[in-house]
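Encoded as C-alpha coordinates, the structure appears first; notes follow it.
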2 protein chains.
Amino acid sequence: MALEHAILVSLLEQPGSGYELARRFERSIGRFWTATHQQIYRVLKRMEAEGWVTAVDVEQDGRPDKREFSVSAPGRDVLTGWLHEPVQPEAVRHDLAVKVRGAAFDDAAGRAALIGEVERYRAGHEELLARYLAGEKRDFPDPGASTTGERLQHVVLRGGIAYERMLLDWLTEVLIELRKES
Amino acid sequence: MALEHAILVSLLEQPGSGYELARRFERSIGRFWTATHQQIYRVLKRMEAEGWVTAVDVEQDGRPDKREFSVSAPGRDVLTGWLHEPVQPEAVRHDLAVKVRGAAFDDAAGRAALIGEVERYRAGHEELLARYLAGEKRDFPDPGASTTGERLQHVVLRGGIAYERMLLDWLTEVLIELRKES
DNA sequence: TTCTGCTATGCAACTCGTTGCATAGCAACC
DNA sequence: GGTTGCTATGCAACGAGTTGCATAGCAGAA
(Lines give C-alpha, C1' and ligand atoms only; values in the text may rest on other atoms or scores of the structure.)
Protein backbone atom coordinates (compact mmCIF):
# COMPACT_ATOMS: atom_id res chain seq x y z
CA MET A 1 0.00 0.00 0.00
CA ALA A 2 1.39 3.37 -0.99
CA LEU A 3 -1.24 5.86 0.17
CA GLU A 4 0.76 6.30 3.35
CA HIS A 5 3.86 6.97 1.30
CA ALA A 6 2.11 9.39 -1.01
CA ILE A 7 0.93 11.29 2.08
CA LEU A 8 4.45 11.31 3.53
CA VAL A 9 5.86 12.73 0.29
CA SER A 10 3.16 15.36 0.14
CA LEU A 11 3.68 16.38 3.77
CA LEU A 12 7.44 16.56 3.29
CA GLU A 13 6.94 18.83 0.31
CA GLN A 14 4.56 20.94 2.42
CA PRO A 15 2.96 20.27 5.84
CA GLY A 16 -0.81 20.53 5.89
CA SER A 17 -4.16 19.40 7.30
CA GLY A 18 -6.18 16.40 6.19
CA TYR A 19 -8.44 18.71 4.28
CA GLU A 20 -5.54 20.35 2.48
CA LEU A 21 -4.11 16.94 1.63
CA ALA A 22 -7.45 15.90 0.18
CA ARG A 23 -7.40 18.98 -2.06
CA ARG A 24 -3.85 18.23 -3.16
CA PHE A 25 -4.89 14.69 -3.99
CA GLU A 26 -7.65 16.13 -6.13
CA ARG A 27 -5.09 18.23 -7.98
CA SER A 28 -1.37 17.68 -8.31
CA ILE A 29 -0.91 14.42 -6.45
CA GLY A 30 -4.05 12.99 -7.94
CA ARG A 31 -2.05 12.78 -11.16
CA PHE A 32 -0.43 9.64 -9.79
CA TRP A 33 -2.39 8.66 -6.71
CA THR A 34 -6.08 9.23 -6.01
CA ALA A 35 -7.64 9.29 -2.55
CA THR A 36 -10.78 10.62 -0.91
CA HIS A 37 -10.81 12.66 2.28
CA GLN A 38 -12.16 9.72 4.29
CA GLN A 39 -9.24 7.54 3.32
CA ILE A 40 -6.80 10.33 4.07
CA TYR A 41 -8.23 11.05 7.54
CA ARG A 42 -8.24 7.38 8.41
CA VAL A 43 -4.67 6.83 7.28
CA LEU A 44 -3.47 10.04 8.97
CA LYS A 45 -4.99 8.80 12.23
CA ARG A 46 -3.11 5.52 11.95
CA MET A 47 0.11 7.25 10.96
CA GLU A 48 -0.18 9.61 13.92
CA ALA A 49 -0.74 6.63 16.25
CA GLU A 50 2.39 4.98 14.85
CA GLY A 51 4.39 8.17 15.28
CA TRP A 52 5.09 8.78 11.60
CA VAL A 53 3.49 12.22 11.65
CA THR A 54 2.80 14.82 14.33
CA ALA A 55 -0.10 17.26 14.46
CA VAL A 56 -0.50 20.75 15.84
CA ASP A 57 -3.79 22.62 16.20
CA VAL A 58 -3.80 25.80 14.18
CA GLU A 59 -6.35 28.53 14.78
CA GLN A 60 -7.48 30.35 11.69
CA ASP A 61 -9.64 33.42 11.48
CA GLY A 62 -12.65 33.37 9.29
CA ARG A 63 -12.39 29.57 9.20
CA PRO A 64 -12.71 26.54 11.48
CA ASP A 65 -9.51 25.42 13.22
CA LYS A 66 -7.40 22.78 11.57
CA ARG A 67 -4.86 20.13 12.57
CA GLU A 68 -1.67 20.58 10.63
CA PHE A 69 0.46 17.48 10.11
CA SER A 70 4.22 17.23 9.69
CA VAL A 71 6.43 14.21 9.06
CA SER A 72 8.48 13.05 12.05
CA ALA A 73 11.93 11.44 11.88
CA PRO A 74 10.48 7.89 12.10
CA GLY A 75 8.06 8.77 9.30
CA ARG A 76 10.95 9.86 7.15
CA ASP A 77 12.66 6.54 7.84
CA VAL A 78 9.53 4.68 6.81
CA LEU A 79 9.50 6.60 3.55
CA THR A 80 13.15 5.99 2.70
CA GLY A 81 12.75 2.34 3.64
CA TRP A 82 9.90 2.06 1.15
CA LEU A 83 11.87 3.95 -1.51
CA HIS A 84 14.54 1.24 -1.36
CA GLU A 85 12.09 -1.61 -1.83
CA PRO A 86 11.68 -3.10 -5.32
CA VAL A 87 9.23 -1.25 -7.55
CA GLN A 88 6.14 -3.44 -7.94
CA PRO A 89 4.41 -3.77 -11.31
CA GLU A 90 1.28 -1.66 -11.42
CA ALA A 91 -2.24 -3.04 -11.44
CA VAL A 92 -3.75 -1.71 -14.66
CA ARG A 93 -7.47 -1.06 -14.68
CA HIS A 94 -8.86 0.72 -17.64
CA ASP A 95 -12.65 0.68 -17.98
CA LEU A 96 -12.64 2.25 -21.39
CA ALA A 97 -10.48 -0.47 -22.95
CA VAL A 98 -12.94 -3.07 -21.64
CA LYS A 99 -15.80 -1.11 -23.15
CA VAL A 100 -14.09 -0.78 -26.53
CA ARG A 101 -13.60 -4.54 -26.76
CA GLY A 102 -17.12 -5.02 -25.46
CA ALA A 103 -18.50 -2.78 -28.22
CA ALA A 104 -18.04 -5.70 -30.62
CA PHE A 105 -21.00 -7.35 -28.85
CA ASP A 106 -23.29 -4.33 -28.94
CA ASP A 107 -25.53 -3.10 -31.75
CA ALA A 108 -25.09 -0.02 -33.92
CA ALA A 109 -27.20 2.20 -31.65
CA GLY A 110 -25.19 1.12 -28.62
CA ARG A 111 -21.93 1.84 -30.38
CA ALA A 112 -23.22 5.28 -31.33
CA ALA A 113 -23.90 5.95 -27.64
CA LEU A 114 -20.41 4.76 -26.77
CA ILE A 115 -18.93 7.11 -29.35
CA GLY A 116 -20.65 10.01 -27.56
CA GLU A 117 -19.24 8.82 -24.25
CA VAL A 118 -15.72 8.51 -25.66
CA GLU A 119 -15.96 12.02 -27.09
CA ARG A 120 -17.01 13.35 -23.71
CA TYR A 121 -14.22 11.44 -22.02
CA ARG A 122 -11.71 12.75 -24.55
CA ALA A 123 -12.85 16.35 -24.01
CA GLY A 124 -12.27 15.90 -20.28
CA HIS A 125 -8.72 14.78 -20.89
CA GLU A 126 -8.11 17.67 -23.26
CA GLU A 127 -9.02 19.98 -20.40
CA LEU A 128 -6.77 18.05 -18.06
CA LEU A 129 -3.84 18.38 -20.46
CA ALA A 130 -4.49 22.11 -20.74
CA ARG A 131 -4.41 22.38 -16.94
CA TYR A 132 -1.15 20.43 -16.74
CA LEU A 133 0.44 22.66 -19.37
CA ALA A 134 -0.77 25.79 -17.57
CA GLY A 135 0.59 24.39 -14.31
CA GLU A 136 3.91 23.63 -15.92
CA LYS A 137 4.19 27.16 -17.28
CA ARG A 138 3.28 28.59 -13.87
CA ASP A 139 5.40 26.34 -11.62
CA PHE A 140 8.40 25.51 -13.81
CA PRO A 141 9.04 28.52 -16.02
CA ASP A 142 12.83 28.17 -15.82
CA PRO A 143 13.93 24.59 -16.59
CA GLY A 144 17.63 25.06 -15.78
CA ALA A 145 17.83 26.62 -12.36
CA SER A 146 15.77 24.68 -9.83
CA THR A 147 16.19 22.50 -6.74
CA THR A 148 16.26 18.71 -6.70
CA GLY A 149 12.70 18.58 -5.44
CA GLU A 150 11.44 20.91 -8.12
CA ARG A 151 13.15 19.05 -10.91
CA LEU A 152 11.76 15.73 -9.72
CA GLN A 153 8.28 17.22 -9.40
CA HIS A 154 8.69 18.58 -12.91
CA VAL A 155 9.68 15.24 -14.42
CA VAL A 156 6.61 13.65 -12.81
CA LEU A 157 4.43 16.37 -14.28
CA ARG A 158 6.02 15.81 -17.68
CA GLY A 159 5.02 12.16 -17.28
CA GLY A 160 1.43 13.25 -16.73
CA ILE A 161 1.60 15.45 -19.82
CA ALA A 162 3.08 12.63 -21.93
CA TYR A 163 0.36 10.29 -20.68
CA GLU A 164 -2.43 12.69 -21.59
CA ARG A 165 -1.01 13.30 -25.07
CA MET A 166 -0.70 9.56 -25.65
CA LEU A 167 -4.24 9.03 -24.41
CA LEU A 168 -5.69 11.75 -26.65
CA ASP A 169 -3.98 10.27 -29.72
CA TRP A 170 -5.23 6.82 -28.83
CA LEU A 171 -8.79 8.05 -28.27
CA THR A 172 -8.71 9.58 -31.74
CA GLU A 173 -7.85 6.15 -33.11
CA VAL A 174 -10.57 4.52 -31.04
CA LEU A 175 -13.16 6.94 -32.39
CA ILE A 176 -12.09 6.17 -35.96
CA GLU A 177 -12.54 2.45 -35.34
CA LEU A 178 -15.87 2.84 -33.57
CA ARG A 179 -17.21 5.06 -36.36
CA LYS A 180 -16.36 2.45 -38.97
CA GLU A 181 -18.93 0.18 -37.34
CA SER A 182 -21.85 2.57 -36.99
CA MET B 1 -16.77 -2.49 -10.57
CA ALA B 2 -15.79 -3.77 -13.97
CA LEU B 3 -14.20 -7.15 -13.32
CA GLU B 4 -17.55 -8.73 -14.05
CA HIS B 5 -17.71 -6.84 -17.31
CA ALA B 6 -14.16 -7.72 -18.28
CA ILE B 7 -15.04 -11.38 -17.69
CA LEU B 8 -18.20 -11.06 -19.78
CA VAL B 9 -16.23 -9.55 -22.67
CA SER B 10 -13.59 -12.25 -22.43
CA LEU B 11 -16.19 -15.04 -22.34
CA LEU B 12 -18.04 -13.54 -25.29
CA GLU B 13 -14.81 -13.46 -27.27
CA GLN B 14 -14.19 -17.08 -26.25
CA PRO B 15 -15.93 -19.29 -23.63
CA GLY B 16 -13.61 -20.86 -21.08
CA SER B 17 -13.01 -22.09 -17.53
CA GLY B 18 -11.98 -20.02 -14.54
CA TYR B 19 -8.47 -21.23 -14.95
CA GLU B 20 -8.35 -20.24 -18.62
CA LEU B 21 -9.75 -16.82 -17.77
CA ALA B 22 -7.04 -16.36 -15.17
CA ARG B 23 -4.41 -17.12 -17.80
CA ARG B 24 -6.02 -14.66 -20.23
CA PHE B 25 -5.98 -12.02 -17.52
CA GLU B 26 -2.27 -12.67 -17.09
CA ARG B 27 -1.79 -12.10 -20.81
CA SER B 28 -3.95 -10.20 -23.20
CA ILE B 29 -6.70 -8.90 -20.94
CA GLY B 30 -4.19 -8.06 -18.23
CA ARG B 31 -3.17 -5.21 -20.49
CA PHE B 32 -6.19 -3.29 -19.28
CA TRP B 33 -7.57 -5.23 -16.34
CA THR B 34 -5.68 -7.36 -13.83
CA ALA B 35 -7.21 -10.11 -11.69
CA THR B 36 -6.04 -13.16 -9.79
CA HIS B 37 -7.63 -16.59 -10.08
CA GLN B 38 -9.25 -16.26 -6.65
CA GLN B 39 -11.06 -13.10 -7.66
CA ILE B 40 -12.13 -14.65 -10.93
CA TYR B 41 -13.54 -17.81 -9.30
CA ARG B 42 -15.41 -15.78 -6.73
CA VAL B 43 -16.93 -13.45 -9.29
CA LEU B 44 -17.78 -16.33 -11.64
CA LYS B 45 -19.64 -18.01 -8.79
CA ARG B 46 -21.69 -14.89 -8.15
CA MET B 47 -22.32 -14.36 -11.86
CA GLU B 48 -23.49 -17.94 -12.23
CA ALA B 49 -25.84 -17.50 -9.25
CA GLU B 50 -27.28 -14.39 -10.89
CA GLY B 51 -27.70 -16.20 -14.19
CA TRP B 52 -25.28 -14.08 -16.21
CA VAL B 53 -23.19 -17.08 -17.20
CA THR B 54 -23.82 -20.81 -17.51
CA ALA B 55 -21.34 -23.62 -16.92
CA VAL B 56 -20.91 -27.08 -18.41
CA ASP B 57 -18.55 -29.74 -17.11
CA VAL B 58 -16.02 -30.74 -19.71
CA GLU B 59 -13.99 -33.92 -19.43
CA GLN B 60 -10.47 -33.66 -20.70
CA ASP B 61 -7.96 -36.42 -21.18
CA GLY B 62 -4.57 -36.08 -19.63
CA ARG B 63 -5.94 -33.28 -17.46
CA PRO B 64 -8.43 -32.68 -14.64
CA ASP B 65 -11.99 -31.86 -15.70
CA LYS B 66 -12.97 -28.22 -16.04
CA ARG B 67 -16.12 -26.14 -15.89
CA GLU B 68 -16.52 -24.12 -19.05
CA PHE B 69 -18.47 -20.88 -18.78
CA SER B 70 -20.51 -19.13 -21.45
CA VAL B 71 -22.42 -15.85 -21.34
CA SER B 72 -26.21 -16.18 -21.16
CA ALA B 73 -28.69 -13.74 -22.69
CA PRO B 74 -29.19 -11.90 -19.36
CA GLY B 75 -25.42 -11.62 -19.03
CA ARG B 76 -25.24 -10.04 -22.44
CA ASP B 77 -27.89 -7.54 -21.38
CA VAL B 78 -25.89 -6.68 -18.28
CA LEU B 79 -22.87 -6.01 -20.46
CA THR B 80 -24.65 -3.80 -22.96
CA GLY B 81 -26.34 -1.96 -20.10
CA TRP B 82 -22.93 -1.21 -18.64
CA LEU B 83 -21.57 -0.18 -22.05
CA HIS B 84 -24.20 2.53 -22.22
CA GLU B 85 -23.36 3.97 -18.81
CA PRO B 86 -21.11 7.05 -18.64
CA VAL B 87 -17.40 6.29 -18.73
CA GLN B 88 -16.03 6.97 -15.25
CA PRO B 89 -12.68 8.69 -14.79
CA GLU B 90 -9.99 6.19 -13.89
CA ALA B 91 -8.39 5.92 -10.47
CA VAL B 92 -4.70 6.47 -11.15
CA ARG B 93 -2.21 4.76 -8.86
CA HIS B 94 1.38 4.91 -9.90
CA ASP B 95 3.90 3.86 -7.25
CA LEU B 96 6.89 4.90 -9.27
CA ALA B 97 5.77 8.52 -9.59
CA VAL B 98 5.40 8.68 -5.80
CA LYS B 99 8.89 7.26 -5.41
CA VAL B 100 10.41 9.74 -7.86
CA ARG B 101 8.97 12.68 -5.95
CA GLY B 102 10.00 11.00 -2.71
CA ALA B 103 13.59 10.68 -3.95
CA ALA B 104 14.03 14.38 -3.19
CA PHE B 105 13.95 13.42 0.51
CA ASP B 106 16.43 10.57 0.25
CA ASP B 107 20.24 10.69 0.27
CA ALA B 108 22.61 10.05 -2.64
CA ALA B 109 23.01 6.36 -1.81
CA GLY B 110 19.26 5.90 -1.66
CA ARG B 111 18.80 7.61 -5.01
CA ALA B 112 21.47 5.36 -6.50
CA ALA B 113 19.46 2.35 -5.31
CA LEU B 114 16.30 3.83 -6.82
CA ILE B 115 18.10 4.30 -10.15
CA GLY B 116 18.84 0.57 -10.17
CA GLU B 117 15.20 -0.19 -9.47
CA VAL B 118 13.99 2.13 -12.23
CA GLU B 119 16.38 0.48 -14.68
CA ARG B 120 15.04 -2.93 -13.73
CA TYR B 121 11.48 -1.68 -14.05
CA ARG B 122 12.25 -0.16 -17.43
CA ALA B 123 13.80 -3.39 -18.69
CA GLY B 124 10.60 -5.21 -17.73
CA HIS B 125 8.52 -2.81 -19.78
CA GLU B 126 10.87 -3.15 -22.73
CA GLU B 127 10.16 -6.86 -22.66
CA LEU B 128 6.45 -6.20 -22.38
CA LEU B 129 6.53 -3.92 -25.42
CA ALA B 130 8.41 -6.57 -27.36
CA ARG B 131 5.73 -9.10 -26.45
CA TYR B 132 2.95 -6.73 -27.52
CA LEU B 133 4.66 -6.10 -30.85
CA ALA B 134 5.17 -9.82 -31.41
CA GLY B 135 1.52 -10.42 -30.54
CA GLU B 136 0.42 -7.71 -32.94
CA LYS B 137 2.45 -9.23 -35.76
CA ARG B 138 1.04 -12.67 -34.98
CA ASP B 139 -2.62 -11.77 -34.43
CA PHE B 140 -3.14 -8.79 -36.72
CA PRO B 141 -0.87 -9.29 -39.74
CA ASP B 142 -3.44 -7.85 -42.16
CA PRO B 143 -4.79 -4.50 -40.95
CA GLY B 144 -7.41 -4.02 -43.66
CA ALA B 145 -9.45 -7.19 -43.79
CA SER B 146 -10.74 -8.14 -40.33
CA THR B 147 -13.95 -8.40 -38.34
CA THR B 148 -15.34 -5.75 -36.01
CA GLY B 149 -14.14 -7.67 -32.98
CA GLU B 150 -10.66 -8.06 -34.34
CA ARG B 151 -10.32 -4.43 -35.25
CA LEU B 152 -11.49 -3.34 -31.81
CA GLN B 153 -9.11 -5.79 -30.14
CA HIS B 154 -6.36 -4.40 -32.34
CA VAL B 155 -7.02 -0.78 -31.40
CA VAL B 156 -6.90 -1.74 -27.72
CA LEU B 157 -3.58 -3.50 -28.29
CA ARG B 158 -2.26 -0.43 -30.11
CA GLY B 159 -3.21 1.52 -26.98
CA GLY B 160 -1.08 -0.82 -24.91
CA ILE B 161 1.80 -0.37 -27.33
CA ALA B 162 1.47 3.42 -27.26
CA TYR B 163 1.36 3.34 -23.46
CA GLU B 164 4.53 1.26 -23.23
CA ARG B 165 6.40 3.50 -25.65
CA MET B 166 5.34 6.60 -23.74
CA LEU B 167 6.37 4.96 -20.47
CA LEU B 168 9.80 3.95 -21.80
CA ASP B 169 10.49 7.49 -23.02
CA TRP B 170 9.40 8.93 -19.69
CA LEU B 171 11.55 6.48 -17.72
CA THR B 172 14.54 7.60 -19.77
CA GLU B 173 13.83 11.16 -18.67
CA VAL B 174 13.38 10.06 -15.06
CA LEU B 175 16.75 8.30 -15.11
CA ILE B 176 18.43 11.44 -16.48
CA GLU B 177 16.96 13.53 -13.65
CA LEU B 178 17.82 10.98 -10.95
CA ARG B 179 21.40 10.72 -12.20
CA LYS B 180 21.86 14.47 -11.97
CA GLU B 181 21.43 14.15 -8.21
CA SER B 182 23.76 11.25 -7.50
C1' DT C 1 -32.56 35.35 9.16
C1' DT C 2 -32.52 31.61 6.63
C1' DC C 3 -30.11 29.48 2.98
C1' DT C 4 -26.18 28.31 0.37
C1' DG C 5 -21.48 27.14 0.15
C1' DC C 6 -16.86 26.42 1.57
C1' DT C 7 -13.70 24.80 5.24
C1' DA C 8 -12.81 21.04 8.38
C1' DT C 9 -13.24 16.40 10.58
C1' DG C 10 -15.02 12.03 11.28
C1' DC C 11 -17.96 7.27 11.75
C1' DA C 12 -20.10 3.03 9.92
C1' DA C 13 -21.14 -0.26 6.57
C1' DC C 14 -19.94 -2.22 2.65
C1' DT C 15 -17.49 -3.95 -1.47
C1' DC C 16 -13.29 -4.97 -3.78
C1' DG C 17 -8.84 -6.97 -3.96
C1' DT C 18 -4.81 -9.50 -1.91
C1' DT C 19 -2.48 -13.20 0.49
C1' DG C 20 -1.91 -17.53 2.27
C1' DC C 21 -3.41 -21.86 2.30
C1' DA C 22 -5.61 -26.41 0.78
C1' DT C 23 -7.01 -30.00 -2.31
C1' DA C 24 -6.78 -32.96 -6.29
C1' DG C 25 -5.81 -35.09 -11.10
C1' DC C 26 -2.48 -36.28 -14.15
C1' DA C 27 2.28 -36.38 -16.70
C1' DA C 28 7.03 -36.68 -16.89
C1' DC C 29 11.34 -37.44 -15.01
C1' DC C 30 14.81 -39.54 -12.12
C1' DG D 1 8.24 -44.80 -6.05
C1' DG D 2 8.93 -40.10 -5.01
C1' DT D 3 9.36 -35.54 -6.66
C1' DT D 4 8.38 -31.79 -9.55
C1' DG D 5 5.26 -29.18 -12.22
C1' DC D 6 1.19 -27.93 -14.61
C1' DT D 7 -3.94 -27.95 -14.70
C1' DA D 8 -8.00 -26.93 -12.01
C1' DT D 9 -10.86 -25.23 -8.12
C1' DG D 10 -11.76 -23.26 -3.86
C1' DC D 11 -11.90 -21.21 1.36
C1' DA D 12 -10.75 -17.87 4.98
C1' DA D 13 -8.82 -13.80 6.77
C1' DC D 14 -7.36 -9.52 6.05
C1' DG D 15 -6.47 -4.94 4.17
C1' DA D 16 -7.67 -1.26 0.92
C1' DG D 17 -11.04 1.66 -1.02
C1' DT D 18 -15.91 3.47 -1.66
C1' DT D 19 -20.32 5.37 -0.29
C1' DG D 20 -23.45 7.48 2.56
C1' DC D 21 -24.05 9.99 6.32
C1' DA D 22 -23.20 13.37 10.27
C1' DT D 23 -21.39 17.39 12.54
C1' DA D 24 -19.75 22.06 12.97
C1' DG D 25 -17.61 26.94 12.13
C1' DC D 26 -17.95 30.79 9.55
C1' DA D 27 -19.03 34.05 5.36
C1' DG D 28 -21.89 36.13 2.22
C1' DA D 29 -26.10 36.62 -0.24
C1' DA D 30 -31.10 36.73 -0.66
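To find a chain, count down the sequence lines: A is the first, B the second, and so on, and within it residues start at 1.
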Show, in sequence, the C-alpha distance, side-chain angles and deciding distance for Glu126(B) and Arg120(B), and conclude whether the salt bridge (Lys or Arg N to Asp or Glu O under 4.0 Å) test is met.
CA-CA 10 Å; Glu126(B) 265 180 340; Arg120(B) 202 181 50 76; over 6 Å; no
May I have the step-by-step check of salt bridge (Lys or Arg N to Asp or Glu O under 4.0 Å) for Glu26(A) and Arg24(A), ending in yes or no?
CA-CA 5 Å; Glu26(A) 270 174 26; Arg24(A) 290 187 216 167; over 6 Å; no
Strictly by modelled atom types, are [X] and [Y] linked by a side-chain donor-acceptor pair under 3.5 Å?
{"X": "Tyr121(A)", "Y": "Glu90(B)", "value": "yes"}
{"X": "Asp95(B)", "Y": "His5(A)", "value": "no"}
{"X": "Arg67(A)", "Y": "Ser17(A)", "value": "no"}
{"X": "Arg101(A)", "Y": "Ser10(B)", "value": "no"}

Contact list please: residues 47-58 of chain A against DNA chain D, heavy atoms, distance less than 4.0 Å, in numerical order.
none
Starting from [atom2] on [N], measure out to [atom1] on [X] and report it in whole angstrom.
{"X": "Glu26(B)", "N": "dT18(C)", "atom1": "CD", "atom2": "P", "value": "13 Å"}
{"X": "Arg93(B)", "N": "dG17(C)", "atom1": "CZ", "atom2": "P", "value": "11 Å"}
{"X": "Asp95(B)", "N": "dT18(C)", "atom1": "CG", "atom2": "C1'", "value": "15 Å"}

Does the distance from a Lys or Arg side-chain N to an Asp or Glu carboxylate O, for Lys66(A) and Glu59(A), drop under 4.0 Å?
no
Short N-O contact, Glu50(B) and Lys45(B), less than 4.0 angstrom:
no
Classify the side chain of Arg46(B) versus the base of dT15(C) as yes if they form a donor-acceptor pair under 3.5 Å and no if they do not.
no
Which residue lies toward the 5' end of DNA chain D, Arg23(B) or His37(B), if each is placed at its nearest nucleotide?
Arg23(B)
Of Ser17(B) and Ala35(A), the one whose closest DNA chain D nucleotide lies more 5':
Ser17(B)
Parallel, tilted or perpendicular: which fits the ring planes of Trp170(B) and His94(B), with parallel below 30° and perpendicular above 60°?
perpendicular
Check the orientation of Phe140(A) and His154(A). Use parallel for under 30°, tilted for 30 to 60°, and perpendicular for over 60°.
parallel
Positional range of nucleotides in DNA chain D within the contact set of chain B, heavy-atom, under 4.0 Å:
dT7(D) to dT18(D)
So which of Leu21(A), Ile7(A), Leu11(A), Val56(A) actually passes side chain to side chain contact (heavy atoms under 4.5 Å, CB included) with Phe69(A)?
Leu11(A)
When every nucleotide of nucleotides 25-30 of chain C is labelled 5' to 3' by its protein contacts under 4.0 Å (heavy atoms), B for base, S for sugar-phosphate only, - for none, what sequence of letters results?
BSS---
Taking any heavy-atom pair under 4.0 Å as a contact, classify Arg67(B): base, sugar-phosphate, or nothing.
sugar-phosphate
